[in-house]
2 protein chains.
Amino acid sequence: MATAVKTKKRRTQAERREEAEEKLIVAATELVAMKGFDGFSLAEVGDRAGYSRGLPGHYFGSKIELQNRVAEYVVNEFYVDAAKLEVREHGLKRIASLIRHYLVSSKLERVKALTFLFTHAQLEDSLKQTMTKLHNQALSVLKQEIELGIENGTIRKDVDSDLQAGIIYAFLRGQLGFAVLDPDYENVKLGEAFIQNLKKSLSAE
Amino acid sequence: MATAVKTKKRRTQAERREEAEEKLIVAATELVAMKGFDGFSLAEVGDRAGYSRGLPGHYFGSKIELQNRVAEYVVNEFYVDAAKLEVREHGLKRIASLIRHYLVSSKLERVKALTFLFTHAQLEDSLKQTMTKLHNQALSVLKQEIELGIENGTIRKDVDSDLQAGIIYAFLRGQLGFAVLDPDYENVKLGEAFIQNLKKSLSAE
DNA sequence: ACTTACTTGCTGTTCGTCAAGCAAGTATTA
DNA sequence: TAATACTTGCTTGACGAACAGCAAGTAAGT
C-alpha cells in the first residue's frame with residue numbers, strides 16, 4: 001500500500017530523456033497542426049508536454065531544429081501506418097485500397113501538420129529533404145504496384161508506371177488539402193470516382 | 001529639360017492613395033511568396049514598396065487585414081489571367097488547354113503565395129472564405145466545360161461533371177504543390193499523361 | 001486654409017536563447 | 001549496503017531582438 005502510492009517507477013536516465021523528447025515532439029506536432037508551422041512558442045510546447053517552458057530549447061537547441069524533428073516524426077508515423085496494411089491483392093485492386101486508405105483513414109491531425117510542413121518545405125532546406133523522402137517513398141510504392149499489375153495482366157503493358165504514380169500521388173495530395181479545409185468534403189465519392197477513372201485508363205483488355 | 005528631371009507628375013490624392021495601396025499589396029504578396037504567410041514584418045512591406053515602415057499598419061489597420069487583402073489580390077489575378085484565355089474549342093480539348101495553362105503558365109511567385117494562403121486558410125476564417133471562392137470558381141469552370149463536352153458529344157453522357165471537375169482540380173492543386181517545391185519537376189509530362197487518362201476515361205464512342 | 005497622404009518616434013509585448021541552479025540517477029569505494 | 005563523488009535531466013530567471021500598434025508630426029494636394 002505504502003509503496004503503491006508512488007506510481008512512478010525508477011527509470012534510467014536514458015528512459016527519462018527518451019520519454020521527455022517524445023512527449024515534446026508529440027506536443028509540438030499537435031501545435032503545428034493547430035496553429036501552423038510557426039504559430040506556437042517553445043514555452044507552449046514544454047507546457048503542453050507537461051514539462052517546463054525551457055526544456056524544448058534545452059534539448060533541441062533551436063526552434064527550427066524541433067520543427068525538423070516534428071517533420072521526421074510525422075513522416076515516420078506515415079511509414080509505420082502503411083506497414084500495418086495487410087496485402088491481400090496486387091495491381092489495380094491494391095492501388096484502389098491504398099487510395100482509400102490515404103483518403104479515409106489518415107488521421108486528420110497528422111494530415112494537418114503535414115500540410116504545414118509540406119508548404120514550409122519551400123523555405124527550409126532541411127524540411128524539404130525530409131518531405132522529399134516521404135514523397136519518394138509514396139511514389140515508389142505506387143510505381144511498384146503498377147508494375148505488379150502489368151505483370152499479373154490487370155494493367156496494360158504500355159502504361160508508364162512513373163507517370164501514373166505521379167498522377168495518383170498528386171491527386172491524393174490535392175484531395176487531402178481540401179479535406180483538411182473542409183472535413184465534410186466529399187472525399188470518399190471523389191476517391192471512388194478517381195479509382196473508376198484509373199480502371200478505365202489503365203486496365204488491360 | 002528642366003522639368004524633365006522631375007519624373008513625378010502631380011497626382012490627385014485618390015491616385016496617390018490607390019497607387020500606394022497597390023504597391024503595398026504587391027510587395028506583401030512577394031514577401032508571402034518568399035518568406036511564408038507570417039514570415040515578414042509590416043515594416044518590410046513598407047520598405048519594399050518604397051514607402052515608410054509605418055504605412056502598411058496605417059492603411060490596413062492590422063497585419064491579418066493586409067494578409068487578407070493579399071489573398072483577395074492573388075485570387076483576383078487568377079481570374080484576370082483566366083479571362084485572357086481565348087476560347088477556341090469546348091469539351092475535352094478545352095479542358096486539356098486549361099490544364100496546360102494552369103501547369104505551365106502560372107507565375108511561380110503567385111503560385112507560391114497561393115500555397116501559403118491555402119494552407120493558412122485552415123486557421124483564418126476570412127482567408128478560408130476567399131480561398132473557397134477561388135476553389136468554387138475553378139470547379140464551376142471545369143464542370144461547365146465537361147457539360148459542354150457532353151452536349152457536343154465528345155464526352156460520355158454518364159459522366160458526373162461535379163466529381164470529374166473535383167478530380168481535375170485536386171490533381172492540379174497537388175501538382176502545383178510539387179512544382180513549387182521543385183521547379184524541375186516533370187510538370188508537363190505528368191500533365192500530358194493526366195490528359196491522356198482523362199481522354200480514356202471520359203471520351204465518348 | 002484645411003484635408004488627406006505619408007513618416008517618425010515610442011511603447012508594450014512576445015519569444016528565442018542562454019546560463020545558473022536544483023533534482024534525479026549512476027558509478028565508485030569501502 | 002551505504003556513503004560519496006559525479007553525470008545527466010530538468011527548471012527558473014534574465015536579457016535582448018523583433019515587431020505590431022499607436023500617436024503626434026511633416027509633406028503633398030485641393
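Every chain is numbered from 1, with letters handed out A, B, ... down the list of sequences. Basis for what follows: all heavy atoms, side chains included, without hydrogens, waters or symmetry-related copies.
The salt bridge (Lys or Arg N to Asp or Glu O under 4.0 Å) contacts involving residues 116-134 of chain B comprise nothing, where partners must be two or more places apart or lie in separate chains.
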Dump the pairs, protein N or O against N or O of nucleotides 4-6 of chain D, anything under 3.5 Å, distances to one decimal.
none

Exercise for review: Mark up nucleotides 2-13 of chain C, 5' to 3', with B wherever a protein heavy atom is under 4.0 angstrom from a base atom, S wherever such an atom reaches only the sugar-phosphate, and - elsewhere.
Suggested key: --BSBBBBB---
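A salt bridge between K107(B) and E77(B) is absent, with no side-chain N of the basic residue lying under 4.0 Å from a carboxylate O of the acidic one. Using a cut-off of 4.0 Å between Lys/Arg side-chain N and Asp/Glu carboxylate O, R94(B) and E145(B) are scored as salt-bridged. Ion pairing of R69(A) with E65(A) is absent here, as no side-chain N (NZ or NE/NH1/NH2) approaches a carboxylate O to less than 4.0 Å.
No engagement by F60(B) is indicated, since no non-hydrogen atom pair under 4.0 Å with the nucleic acid exists.
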N/O donor-acceptor pairs under 3.5 Å from side chains in residues 164-175 of chain B, not counting sequence neighbours:
{"residue": "Q164(B)", "atom": "OE1", "partner": "N197(A)", "partner atom": "ND2", "Å": "2.8"}
{"residue": "Q164(B)", "atom": "NE2", "partner": "N197(A)", "partner atom": "OD1", "Å": "3.1"}
{"residue": "Q175(B)", "atom": "NE2", "partner": "N187(B)", "partner atom": "OD1", "Å": "3.4"}

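When rounded to the nearest whole Å, the span between CD of E44(A) and P of dC15(C) equals 7 Å. Remark: P of dA17(D) and NZ of K63(A) are 19 Å apart, rounded to the nearest angstrom. Straight-line distance from the CG atom of L66(B) to the P atom of dC19(D): 15 Å, rounded to whole Å. Atom CG in D38(A) sits about 9 Å away from atom P in dG16(C), given to the nearest Å. One can place CG of L42(B) at 13 Å from C1' of dC22(D), the figure rounded to the nearest angstrom. Look at NZ on K35(A): it is 12 Å from C1' on dT14(C), rounded to the nearest Å.
Between F116(B) and H120(A), the angle of the ring planes goes over 60°, which puts this pair in the perpendicular group of the 30/60° scheme.
In this structure S41(A) satisfies the side chain to side chain donor-acceptor pair (under 3.5 Å) test with no other residue, sequence neighbours excluded. Qualifying salt bridge (charged side-chain N to carboxylate O under 4.0 Å, His left out) partners for D160(A), counting only residues two or more places apart in sequence or in other chains: none.
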